[in-house]
Amino acid sequence: MSAKTLQDLLADGVAGRHVLVRSDLNVPLDGDRVTDDGRVRASLPVIAALTGAGARVIVMAHLGRPKGAPDPQYSIAPAADRLAELADAPVTVATDVVGDDARTKAAALTDGQVLVLENVRFDPRETSKDDDERAAFAAELAALTGEHGAYVDDAFGAVHRKHASVYDIAAVLPAYQGDLVKTEVDVLRRLTENPERPYVVVLGGSKVSDKLAVIDSLLGKADVLVIGGGMVFTFLAARGAKVGASLLEQDQLDTVRGYLDRAEQTGVRIVLPTDIVVAEAFDRDAAHEVVPADGIESSRFGAAGIGLDIGPESGRAFADEIAKARTVFWNGPAGVFEFDAFAGGTKAIAAALAAVTADGALTVVGGGDSAAAVRTLGFPDDAFSHISTGGGASLEYLEGKELPGITALER
Ligand SMILES: Nc1ncnc2c1ncn2[C@@H]1O[C@H](COP(=O)(O)OP(=O)(O)O)[C@@H](O)[C@H]1O
Ligand SMILES: O=C(OP(=O)(O)O)[C@H](O)COP(=O)(O)O
């Protein structure tokens, strides 16, 4: 069965009804300053369509990965405040998720107003592996909508999560797909259905354990896998290099060796960096130097050195690969781009992607931080064919995996 859409909900009529909208407001912060508001902006059209039709909108979203309890550094408030600045409708913010404040403010909503709940991950049941716990939390979220509530999933970046506010809630309330999810899926479908070749996938970032598994399936789909970011060190270590204090998934070494072997057998090229920018510490002003990728511990920082970017030679080699592509998907910055000294690799990739886009290739940049990276490095959104709000979600879609947030709507 195909999912009902926002248009179906609008046609049913929403005036006076409470509508729970799951948005992805997981924005990068510097203290309580939003450094890239792309996800907030992407969530606005659905909220505006609903408020414009007289709905009482309750937005639920997560921010970061708190440990299932309130934690001020992960408060949704900065993202919600940004939403309040950008939205055409009046926006209030609750100080809890399903507690007294949320219930009181939800009940007080009038037509066309918006309430943003505190970070849904402040409640441990949101991400629980226990179906009953998640269902109980979903029921409490649904109860905020009173009698004729509805649910809209517009959080593309979180559709790969089997969480209460993404998955279980769709079994409690009439559920509809938001336009953002629909648009994202429509673009990604073009990458899975007969992509023009060469098809290059560029991976990086820090959610290494989440994203390593994707490589297995991409080996059957892409022609070239270009790997940078925190993911690189598990590959370098799998080939026998010492990686100092860099990010390393020790228990994935055998898996990665398997990927390298399979790539060789199947003729897919895995392109790894040949040089690395190694730093004394994970810090904006840390001393740093460029060393060969197989000699990370040969820097003056020895085994304490941390690889925070690919080196300039690797940046050029990655750009060359991208220049030959007709289809490119990129998720995950090549280095810690938030610090100028370690943004070179990400910049080289972004520039190569922009050039090949201008040359007619289909290019998709996916992920909260990847999108933030290209914007903070000064690339306009139209330098790429599409900037997706979801990194892990896009990758799992490209893998052909079932996405709980999408199947829940099709039930
Ligand atoms: N070598 C590295 N070591 C540690 N962190 C890294 C490294 N390279 C990139 N990163 C970090 O990865 C983060 C983004 O990763 P991720 O969340 O996986 O990407 P996205 O949000 O685009 O899916 C950035 O904050 C960046 O600083
Ligand atoms: O930032 C997100 O994903 P992304 O970094 O893969 O783009 C989404 O908000 C999901 O967050 P999560 O990976 O903590 O579940």
Side-chain angles (χ1 to χ4, degrees), residues 22-30 35-36 38-40 42-43 61-67 74 76 79 119-121 126-127 155-163 165-166 184 202-212 214 227-236 243-249 273 276-279 281-284 286 288 293 296 305-311 314 329-346 349-350 364-376 387-397 403-405:
R22 179 56 160 101
S23 300
D24 186 353
L25 303 181
N26 190 18
V27 289
L29 296 176
D30 183 5
T35 55
D36 179 66
R39 280 180 167 157
V40 176
S43 71
H62 74 283
L63 193 137
R65 294 178 172 178
K67 304 259 174 288
Y74 294 112
I76 204 79
N119 189 341
V120 284
R121 292 187 184 172
E126 163 69 1
T127 57
F156 176 71
V159 288
H160 58 319
R161 301 295 180 213
K162 195 176 177 182
H163 292 170
S165 69
V166 177
E184 295 270 23
V202 184
L203 292 177
S206 59
K207 291 179 180 170
V208 182
S209 53
D210 277 10
K211 293 171 184 173
L212 269 177
V214 176
I227 298 185
M231 195 173 286
V232 141
F233 305 100
T234 308
F235 280 82
L236 296 175
V243 298
S246 312
L247 266 186
L248 176 63
E249 295 284 327
I276 296 288
V277 185
V278 178
F282 191 97
D283 191 56
R284 183 178 298 278
H288 54 275
I296 289 177
I306 316 174
L308 293 187
D309 195 10
I310 59 168
S314 309
F329 178 81
W330 173 26
N331 168 250
V336 182
F337 72 93
E338 294 92 338
F339 304 155
D340 282 349
F342 310 108
T346 305
I349 292 172
V364 177
V365 182
D369 289 298
S370 307
V374 296
R375 292 196 192 104
T376 54
I387 299 186
S388 169
T389 52
S394 301
L395 284 170
E396 292 201 16
Y397 181 89
L403 299 170

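Start at 1 and go down the list; that is how both ligands and their atoms are numbered.
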Practice problem: With the side chain counted from C-beta on, respond yes when E184 and Y397 share a heavy-atom pair under 4.5 Å apart, and no when they do not. | Solution: no
Self-check item: atom 7 (C) of ligand 1 - nearest protein heavy atom and its distance
Solution: G230 N, 3.6 Å
Quiz item: Considering G390, G366, G335, G229, which one's heavy-atom position lies nearest to atom 10 (N) of ligand 1?
Solution: G335
Quiz item: Relative to the heavy atoms of F233, which atoms of ligand 1 are at a distance of less than 4.0 Å?
Solution: 1 (N)
Practice problem: Considering heavy atoms of the protein only, find what lies nearest to atom 24 (C) of ligand 1 and give residue, atom and distance to 0.1 Å. | Solution: E338 OE2, 3.3 Å
Quiz item: Does E396 have any side chain to side chain contact (heavy atoms under 4.5 Å, CB included) partners at least two apart in sequence or in another chain, and if so, which?
Solution: H160, E399, K401, L403
Quiz prompt | Shell of residues surrounding ligand 2, defined by a 4.0 angstrom heavy-atom cut-off that is strict | solution = D24, N26, R39, H62, R65, R121, G157, R161, K207, K211, G367, G368, G390, G391, G392
Exercise. Report the C-alpha separation of K207 and D369 in whole Å, then their side-chain angles, then the decisive distance to 0.1 Å, and conclude whether the salt bridge (Lys or Arg N to Asp or Glu O under 4.0 Å) test is met.
Key: CA-CA 11 Å; K207 291 179 180 170; D369 289 298; 5.7 Å; no
Quiz item: Heavy atom of F342 under 4.0 Å from ligand 1?
Solution: no
Quiz prompt | Residues that E126 engages under salt bridge (charged side-chain N to carboxylate O under 4.0 Å, His left out), provided they are two or more places apart | solution = R22
Exercise. Decide whether an N or O pair under 3.5 Å exists between G205 and ligand 1.
Key: no
Quiz item: Are side-chain heavy atoms of V243 and F235 found at a separation under 4.5 Å?
Solution: no
Practice problem: Specify the protein heavy atom at minimum distance from atom 5 (N) of ligand 1: its residue, its atom name, and the distance to 0.1 Å. | Solution: V336 CG2, 3.7 Å
Quiz item: When you look at V208 and F233, which way does the side chain to side chain contact (heavy atoms under 4.5 Å, CB included) test go after all the steps?
Solution: CA-CA 10 Å; V208 182; F233 305 100; over 6 Å; no
Self-check item: Numbering as shown, the atoms of ligand 1 that approach K211 to under 4.0 Å (heavy-atom distance)
Solution: 16 (P), 18 (O), 19 (O), 20 (P), 23 (O)
Quiz prompt | Shortest protein heavy-atom distance from atom 17 (O) of ligand 1, along with the residue and atom involved | solution = D369 OD2, 3.2 Å
Quiz item: Which pair of heavy atoms, one from V27 and one from V40, lies closest together, and at what distance?
Solution: CG1-CG2, 3.8 Å
Quiz prompt | Counterpart residues, side chain to side chain contact (heavy atoms under 4.5 Å, CB included), relative to S370 (two or more places apart) | solution = N331, P333, V365
Exercise. Measure the shortest side-chain to side-chain distance between F156 and D24 over non-hydrogen atoms and say whether it is less than 4.5 angstrom.
Key: no
Quiz item: Okay, side chain of N26, backbone of L63: is any donor-acceptor separation there less than 3.5 Å?
Solution: no
Quiz item: Does the pair R284/D30 count as a salt bridge with the N-to-O cut at 4.0 Å?
Solution: no
Quiz item: Under 3.5 Å between some N or O of ligand 1 and some N or O of S370?
Solution: yes
Quiz item: Given the rule in the side chain to side chain contact (heavy atoms under 4.5 Å, CB included) test, do V120 and H163 qualify, once you have shown the distances and angles that lead to the verdict?
Solution: CA-CA 10 Å; V120 284; H163 292 170; over 6 Å; no
Quiz item: Out of S246, G307, A279, P28, whose heavy atom sits nearest atom 3 (N) of ligand 1?
Solution: G307
Quiz item: Where does N331 meet ligand 1, judged by heavy-atom distances below 4.0 Å: at the side chain, the backbone, both, or neither?
Solution: side chain
Exercise. Could you tell me the residue and atom name of the protein heavy atom closest to atom 15 (O) of ligand 1, and the distance to it rounded to 0.1 Å?
Key: S206 N, 2.9 Å
